Amino acid sequence: MSAPWVELDPTLVVVAAGTTAVGTVSGALGCFAYLRRQGLVGDVVSHSALLGVVGAFVLAHALTGSASRSLAVLVPGALIAGTASLALARSVSNRTRLNDDASLGVMLSIFFGGGLFLLRWVQRQSPPIPGHTGLEDYIFGMAAAMTRADLWMVFSLGGGALLLLLLLWKELKVFTFDPDFSRSLGLPSYRLDLLMMALLVAGVVIGIQTVGVILMIALLVTPAAAARQWTSRLSTMVLLAASFGAAAGAGGALLSASEAGLPTGPVVVLLATAIFALSLLLAPRRGLIARARARRTLGSTPPPAAGGAA
Amino acid sequence: MIQRRSREGSTEPLALEVEGLTVTYGKEPALWNADVRLGRGSLAAVVGPNGAGKSTLLKAALGVVPRVSGRVRVLGEDPARRRRLVAYVPQRTSVDWDFPTTVLDVVMMGTYGRLGWFRRPGREERAMALGALEQMELADLADRQISELSGGQQQRVFLARALVQDAEVYFMDEPFAGVDAVTEQSVASLMGHLAQRGKTILSVHHDLATVPRYFEHAVLLNRVVQAVGTVKEVFHRGNLDRLYGGRVPADVPELAST
Ligand SMILES: Nc1ncnc2c1ncn2[C@@H]1O[C@H](COP(=O)(O)OP(=O)(O)O)[C@@H](O)[C@H]1O
Ligand SMILES: [Mg+2]
């Protein structure tokens, strides 16, 4: 064991490892959500997860008598609620005249509202359910509450998701870029679509303890959007987004530990946003500064629009 | 496999056989009771107004849209069993050309069917993709980001990807749409070469004036198939008036008279 680690607060090590892992996984998975324009889907999943988290807590209390806030209990709840809200949104848009976005919005309101309602109910119980304080942290996140067991959950779920991404890389790539063509190759588009949803849900649920259900979408989409500015290769984009997410996660944990009262989740998201803003400004070719320069050197000729006819 | 079959029996399987095909997305059928038969080596255009079900016919032939009724055979088999012998050029505007990838990468997607699950493209696939790019006169753009291509270059990238599929039957959706004159020539000559080598081409075509120049056969489609045959037989003013409800542009040249 090396010297500096001995001096580090072991809680901080767990928290920093957790936020870094969460940032890495959501950065990588977020790229596909970003490219498939499924940001709203991710947002619905994470808001809906609140109902799942509180519901799982209540259910665990009712069944075992001792309520637990460990991720091992809450993650399945979040998974179920997130998946259920997506499935319901899909069936609503299939069966009614509501379009996809409207149906997603409806489910977000129902599940998030339901989550808040159930949370308030739990908090009003008397005698109070032991362990219920801290449930409200899922709204804005509470990275400091992360235990070793939680860390293990984040590593295994996140690692599994990344492994699937790696194994099915070429299939997911062609399906994302050109779904019609990938169907013509015989790839099962329905199942790939479900798999992408599942990966997104996994990315969301492991992150909500750290950044909370409201800000989670930012941690998924912002590193991807930042990475997109720097590269035009999918593999580089995913690696960069994962690194940006990791940097924001680690930085957030360390900053909030050094300055009392700084909430980890919002700091993580602010750091990710800062990386995005810098990328938007500074990136070569796509960055605002580079484009302004290109426009000036071209004089009055406008830059060639992507996808324009020859 | 196909050769053997044709030696055994006198009936060589048709490249495409569509019988009584009906496809619906919602309530209205996009295709109604369609019959199309194409022999091998056909060079055929699908012609019809917007929303006529032209793309749907191609997708049904590829086996990627669920059919309500009817039968589709490609080289005598269900499309799902002929994927390796079929190439597809989707409508150019159906994808996001701002996707982060390079020209060579897109063309290599043509090898994914042969590679199967999990295997990554290697040196051989790369060489095949480069060869196809050479053929479409895009070799110097191999490492170019696809968002920097002109419409004509995008179309040639899609055609190069189809070439890499090294298929017997090619389904193309509007390969001439929005391309420059140079690309139009290279698309036309590519089609001609493929047909000469016995490949079958079914291509959605929007420009009536050039149908007789580029194609030998035509499928006139407006939800129902109005006519299938050689361009000489079916591509005449009477049929086209019926197809477009009398709104055929008057300046269509080279039309055989009724
Ligand atoms: N994925 C889809 N979902 C719902 N309707 C569709 C879909 N694809 C096509 N359609 C409808 O089916 C009809 C035929 O479409 P299409 O085959 O694309 O026509 P074309 O290629 O001849 O313009 C149109 O009315 C179109 O709106
Ligand atoms: Mg079409």
Side-chain angles (χ1 to χ4, degrees), chain A residues 31-32 34-37 93-95 97 163-164 166-192 195 224-225 227-241 283-286 294 303-310, chain B residues 55 58-59 62-65 79-81 83-84 86-102 105-106 108-121 144-155 158 161-162 165 171 173 177-183:
Chain A
C31 288
F32 284 89
Y34 174 83
L35 291 170
R36 301 180 76 210
R37 301 175 209 283
S93 71
N94 283 347
R95 271 161 221 201
R97 299 181 65 107
L163 191 67
L164 273 175
L166 207 64
L167 275 176
L168 295 174
W169 180 261
K170 104 177 171 305
E171 285 77 16
L172 294 177
K173 179 162 85 174
V174 68
F175 178 63
T176 304
F177 170 60
D178 193 344
D180 282 342
F181 180 74
S182 77
R183 269 176 223 123
S184 83
L185 296 177
L187 291 180
S189 56
Y190 181 72
R191 280 184 222 166
L192 285 178
L195 174 71
R228 180 69 188 94
Q229 309 305 314
W230 297 94
T231 180
S232 38
R233 272 177 191 279
L234 184 61
S235 48
T236 317
M237 177 178 168
V238 170
L239 285 176
L240 262 183
R285 287 162 175 269
R286 287 185 166 251
Chain B
S55 300
L58 256 51
K59 287 176 187 173
L62 290 158
V64 302
V65 287
R81 305 182 52 159
R83 302 217 184 274
R84 294 274 305 281
V86 167
Y88 178 39
V89 179
Q91 227 160 322
R92 178 169 60 85
T93 48
S94 68
V95 305
D96 173 15
W97 287 93
D98 199 31
F99 190 87
T101 192
T102 60
D105 233 24
V106 172
M108 274 202 286
M109 290 175 185
T111 68
Y112 285 9
R114 166 179 15 223
L115 280 171
W117 290 89
F118 309 120
R119 272 181 60 208
R120 298 285 170 93
R144 184 74 69 86
Q145 156 65 24
I146 59 168
S147 65
E148 293 165 7
L149 301 176
S150 72
Q153 289 165 339
Q154 291 172 354
Q155 192 62 62
F158 263 12
R161 182 176 69 177
Q165 291 188 276
F171 295 114
D173 207 336
V179 305
D180 51 288
V182 179
T183 300

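Everything quoted here is computed from the prediction, not taken from an experiment. Per chain, numbering begins at 1; letters A, B, ... match sequence-line order. In what follows, every heavy atom counts, from backbone to side chain, and hydrogens, waters and symmetry copies are set aside.
Looking only at heavy-atom pairs under 4.5 Å with chain A, the residue among B:G113, B:P90, B:G110 that has the most is B:P90.
Considering all non-hydrogen atoms of both residues, A:L187 and B:W117 come closest at CD2-CZ2, 3.9 Å. The minimum heavy-atom distance between B:R83 and A:S184, with the atom names listed, is CD-O, 3.4 Å. Here the shortest heavy-atom pairing between A:L185 and B:M109 reads CD1-O, 4.1 Å. A pairwise comparison of heavy atoms in A:L35 and B:P100 identifies CD2-CD, 3.5 Å as the closest pair.
With sequence neighbours excluded, no residue satisfies salt bridge (charged side-chain N to carboxylate O under 4.0 Å, His left out) with A:R95. Annotation: salt bridge (charged side-chain N to carboxylate O under 4.0 Å, His left out) contacts of B:D105 (sequence neighbours excluded): A:K173.
Neither the backbone nor the side chain of B:F171 comes within less than 4.5 Å of any heavy atom of chain A. Using a 4.5 Å cut-off between heavy atoms, B:V106 contacts chain A through its side chain alone, with no backbone atom that close. Proximity to chain B is absent for every atom of A:T236, based on heavy atoms less than 4.5 angstrom apart. Residue contact with chain B, scored on non-hydrogen atoms closer than 4.5 Å, is absent for A:R36. Only the side chain of B:R161 comes within contact range of chain A, with heavy atoms under 4.5 Å apart. Of the two parts of B:Q155, neither the backbone nor the side chain holds a non-hydrogen atom closer than 4.5 Å to a non-hydrogen atom of chain A.
Using modelled atom types, one side-chain atom of A:K170 and one backbone atom of B:G116 make a donor-acceptor pair closer than 3.5 Å.
Using cut-offs of 30° and 60° for the angle between ring planes, the B:F99 and A:F177 rings count as tilted.
Under the 4.5 Å side-chain criterion, counting only non-hydrogen atoms from C-beta, A:R183 is not in contact with B:L62.
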Subject >> Check against side chain to side chain contact (heavy atoms under 4.5 Å, CB included), B:F118 and A:L168 >> reply: CA-CA 6 Å; B:F118 309 120; A:L168 295 174; 3.5 Å; yes
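Within a 6.0 Å radius of CZ in A:R37, other residues, nucleotides and ligands contribute 12 heavy atoms or fewer. Residue-environment remark: CZ (B:R114) exceeds the threshold of 12 foreign heavy atoms within 6.0 Å.
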